[in-house]
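The structure appears right after this line, and notes come after that.
Every chain is numbered from 1 and lettered A, B, ... according to where its sequence line falls, protein lines coming before strand lines.
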There are 2 protein chains.
Amino acid sequence: MKISVVIAEDQSMVLGALAALLEIEHDIRVVGQALNGKEALQLTLQHKPDLLLTDIEMPEMSGLEVAAELKRQGSPTRVIILTTFARSGYLRRALDAGASGYLLKDSPAATLADAIRRVHSGRRVIDPELATEAWTEADPLSDRERQVLRHAAEGATSIEIAATLHLSEGTVRNYLSEAISKLGASNRVEAARIARMKGWL
Amino acid sequence: MKISVVIAEDQSMVLGALAALLEIEHDIRVVGQALNGKEALQLTLQHKPDLLLTDIEMPEMSGLEVAAELKRQGSPTRVIILTTFARSGYLRRALDAGASGYLLKDSPAATLADAIRRVHSGRRVIDPELATEAWTEADPLSDRERQVLRHAAEGATSIEIAATLHLSEGTVRNYLSEAISKLGASNRVEAARIARMKGWL
DNA sequence: TTTTGCGAATGACAATTGTCATGCGGCGAT
DNA sequence: ATCGCCGCATGACAATTGTCATTCGCAAAA
């Protein structure tokens, strides 16, 4: 009895390559390939695979959003996140969304099939690089701070951000100042870099 | 007679998957797999494959630097860049470095083997998405402007950048001002974003 | 009723950013 | 020799950023 898997990955080349990698395994069958989050959700609900292997950053819906929606709908399909992001914010969010596995693209290819088998048998699999507690550092930013910092990270001035978010310029500056302080940065650019690095943005 | 290929890609999972994808092809043989640029150069000089398939962003040396070094040493190995970066600056740099192919990870998996065969038979292969002239827009930044902008993009203040590069603060501000103007941005953050987006940073 | 906490706003001030004009020294071409 | 170009520097000034103190309105809790 083969483990049925749907794969979601927006880079088509990588998607095809991952499918090729798994088709080599005698006990794994790829039943669907999705290029974006919405397609991933559809294929999963349609095929009801044992497992969904998904990237995070994809068009339409992120892999985390798909996992959360499957959880909300009580789907029995288990979710493994396969991502570039070795960042605490993403791991925390993935676990909250009901993911049973979190693997890095930096891991050896040989570990993928094994991870799939383990998650299929009911286990939880976290990439060793992320397994330590230090990687689950709490995100200190409030939603408003995050929102404001996102715009600042693109180069928007405080006035522009204020107009976009229907706030006063002073309030925007206050939120930025608070975010900068919480992240131990010395300006908005550095704050954005730190938050991005930790998966909080 | 199989086409021999070395693959270079710093994400181990993707590397293994690409190798699996190519090993399916009856006329292609993967003779080496490298996790960084230096290893890619070593394996290529050692195995003298028909082709090197390489990513751009890798530790030790970038794929572009490897291509340039192979060109400098007169190596007959042809280079295909396989990358996320659909940006004019990178395409131009890749061609300058002697690459015979430039493919996007967004391309369908089925196109990879075909591209390898075409490059092997002496053709040049550019991903259709990049084939139009608009994508070879010239980089307007001087080396100094780029250098200064890189530091600014990390959050460094003008004074910090000046100390790092042994310039005066005013000179740093002049270079940034010039870069901002050339890129049509309104501040350093936006300038950095634009330059990064176009592959100029 | 009063008290507390929260999100948002205002205002003052110092520091930093971005623009622009100008000048200097070095180098290569004429 | 002069001229033009380039990289770098200085200085002035306005705009923006970041910090901090304070206040307001609203809702929930006591």
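Nucleic acid contact for A:I159: none, since no nucleic acid atom lies under 4.0 Å from a heavy atom of the residue. Residue A:T171 is classed as a base contact, given a heavy-atom separation below 4.0 Å to a base.
In this structure, a donor-acceptor pair under 3.5 Å is absent between the side chains of A:R93 and A:S62. For the residue pair B:S107 and B:D127, a side-chain donor N or O sits within less than 3.5 Å of a side-chain acceptor on the partner. B:E9 and B:T54 share no donor-acceptor pair across their side chains, judged by distance under 3.5 Å alone.
Between the NE2 atom of A:H166 and the P atom of C:dG7 there is a distance of 19 Å, rounded to whole Å. For B:E178 and C:dT19, the CD to C1' distance is 11 Å, given to the nearest whole Å. Distance, A:L176 CG to C:dA15 P: 20 Å, rounded to whole Å. In this structure, CD of B:E169 is placed 13 Å from P of C:dA15, rounded to the nearest angstrom. Rounded to whole Å, atom C1' of C:dA14 lies 16 Å from atom CG of A:N187. Put simply, CZ on A:R188 is 11 Å from P on D:dT19, counting in whole angstrom units. Look at CG on A:N174: it is 12 Å from C1' on D:dT17, rounded to the nearest Å. Atom CD1 in B:I161 sits about 11 Å away from atom C1' in C:dT17, given to the nearest Å.
A sub-4.0 Å separation between OP1 or OP2 of C:dT16 and a side-chain N or O of B:S158 is absent. For C:dT19, the OP1/OP2 oxygens have a side-chain nitrogen or oxygen of B:S177 closer than 4.0 Å.
Residue A:K182 places its NZ atom among more than 12 non-hydrogen atoms of other residues, nucleotides or ligands, all under 6.0 Å distant.
Applying side-chain contact (heavy atoms from CB on, under 4.5 Å) to A:L52 and the options A:I80, A:V66, A:V5 leaves one that passes, A:V66.
Looking at the side chain of B:S168, the nearest of the listed nucleotides D:dA9, D:dG18, C:dA9 is D:dA9.
For B:R144 and D:dG7, a side-chain-to-base donor-acceptor distance below 3.5 Å is absent, hydrogens and geometry of angles not being considered.
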